[in-house]
Amino acid sequence: MLDIIGRRWAGAVLLASTRGARRFGEYRRLVVGISDRLLSQRLKQLESLELIEREVIPTTPVQIVYRPTLGGEELIAALQPLLRWGTRHLSQDA
């Protein structure tokens, strides 16, 4: 799992999904600095790993909605202690 979450931006994209991002633009706002191309790649990768699900809503224009799967939510819950540690220790050096 560390190989997956350790990929550049993958953890941030998954975390954004658990913080309410649903549409592509919401992810872009929550994951500051990621390019559209890389965001698209990470969403596809996380979907292929069944950590995020993608829903196509047949409207005009078509809407794409992403949401974390149960497995994605469980993974973020398991990583919460690491996130808290990073907030306490790494934000002081930034």
Side-chain angles (χ1 to χ4, degrees):
M1 276 322 315
L2 288 178
D3 183 46
I4 294 163
I5 295 303
R7 291 180 189 153
R8 189 167 186 197
W9 301 108
V13 171
L14 185 58
L15 184 60
S17 74
T18 64
R19 292 186 172 166
R22 296 293 173 259
R23 305 278 311 273
F24 192 86
E26 294 169 343
Y27 280 94
R28 198 173 37 218
R29 281 190 292 280
L30 286 173
V31 184
V32 178
I34 193 169
S35 69
D36 288 355
R37 181 176 161 270
L38 194 50
L39 175 56
S40 180
Q41 285 177 351
R42 291 301 175 254
L43 286 168
K44 286 177 186 176
Q45 287 172 342
L46 292 170
E47 181 186 6
S48 73
L49 294 166
E50 298 181 0
L51 297 172
I52 286 181
E53 61 186 10
R54 179 180 185 263
E55 179 184 1
V56 178
I57 301 171
T59 58
T60 305
V62 172
Q63 293 183 27
I64 309 294
V65 178
Y66 300 92
R67 68 180 58 85
T69 63
L70 181 58
E73 290 175 348
E74 289 175 348
L75 178 56
I76 287 297
L79 292 172
Q80 285 299 324
L82 183 60
L83 294 169
R84 284 192 296 274
W85 183 90
T87 299
R88 279 195 314 272
H89 296 284
L90 300 178
S91 63
Q92 297 169 1
D93 297 333

Check the hydrophobic clustering (I, L, V, M, F, W, Y; side-chain heavy atoms under 4.5 Å; chains of links allowed) and say if Leu43 and Leu70 are grouped together. no

If two hydrophobic side chains count as joined below 4.5 Å and joins carry through other members, does Leu30 share a cluster with Leu46?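 Per the 4.5 Å side-chain linkage, Leu30 and Leu46 are not co-clustered.
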
Which value, rounded to the nearest 0.5 Å, describes the distance between [X] atom [atom1] and [Y] atom [atom2]?
X: Leu79; Y: Leu15; atom1: CG; atom2: CG; answer: 9.0 Å
X: Glu73; Y: Arg67; atom1: CD; atom2: CZ; answer: 10.5 Å
X: Glu47; Y: Tyr66; atom1: CD; atom2: OH; answer: 7.0 Å
X: Arg22; Y: Ile64; atom1: CZ; atom2: CD1; answer: 15.0 Å
X: Arg42; Y: Ser17; atom1: CZ; atom2: OG; answer: 14.5 Å
X: Arg29; Y: Glu26; atom1: CZ; atom2: CD; answer: 6.0 Å

Determine whether a donor-acceptor pair (N or O, by modelled atom type, separation under 3.5 Å) exists between the side chain of Thr69 and the backbone of Glu53.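 A pair under 3.5 Å: no.
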
Would you sort out whether Gln41 and Leu38 count as a side-chain contact (heavy atoms from CB on, under 4.5 Å), showing the intermediate values? CA-CA 5 Å; Gln41 285 177 351; Leu38 194 50; 3.2 Å; yes

Other ILVMFWY residues reachable from Val65 by side-chain steps of under 4.5 Å: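 Members besides Val65, by chain and number: Ile57.
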
Going by the rule side chain to side chain contact (heavy atoms under 4.5 Å, CB included), which residues pair with Ser40 if we only count those two or more places apart in sequence or in a different chain?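 So Ser40 forms a side chain to side chain contact (heavy atoms under 4.5 Å, CB included) with Phe24, Lys44.
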
Heavy-atom side-chain proximity of Trp9 to Leu39 below 4.5 angstrom: no

Can you tell me if Glu50 has over 12 outside heavy atoms packed within less than 6.0 Å of its CD? no

Using the rule given for side-chain contact (heavy atoms from CB on, under 4.5 Å), can you reason through Ile34 versus Tyr27, listing the C-alpha separation, both sets of side-chain angles and the distance that settles it, and then say yes or no? CA-CA 9 Å; Ile34 193 169; Tyr27 280 94; over 6 Å; no

Minimum heavy-atom separation for Ala16 to Val31, with atom names?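 Shortest heavy-atom contact: CB-CG2, 3.9 Å.
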
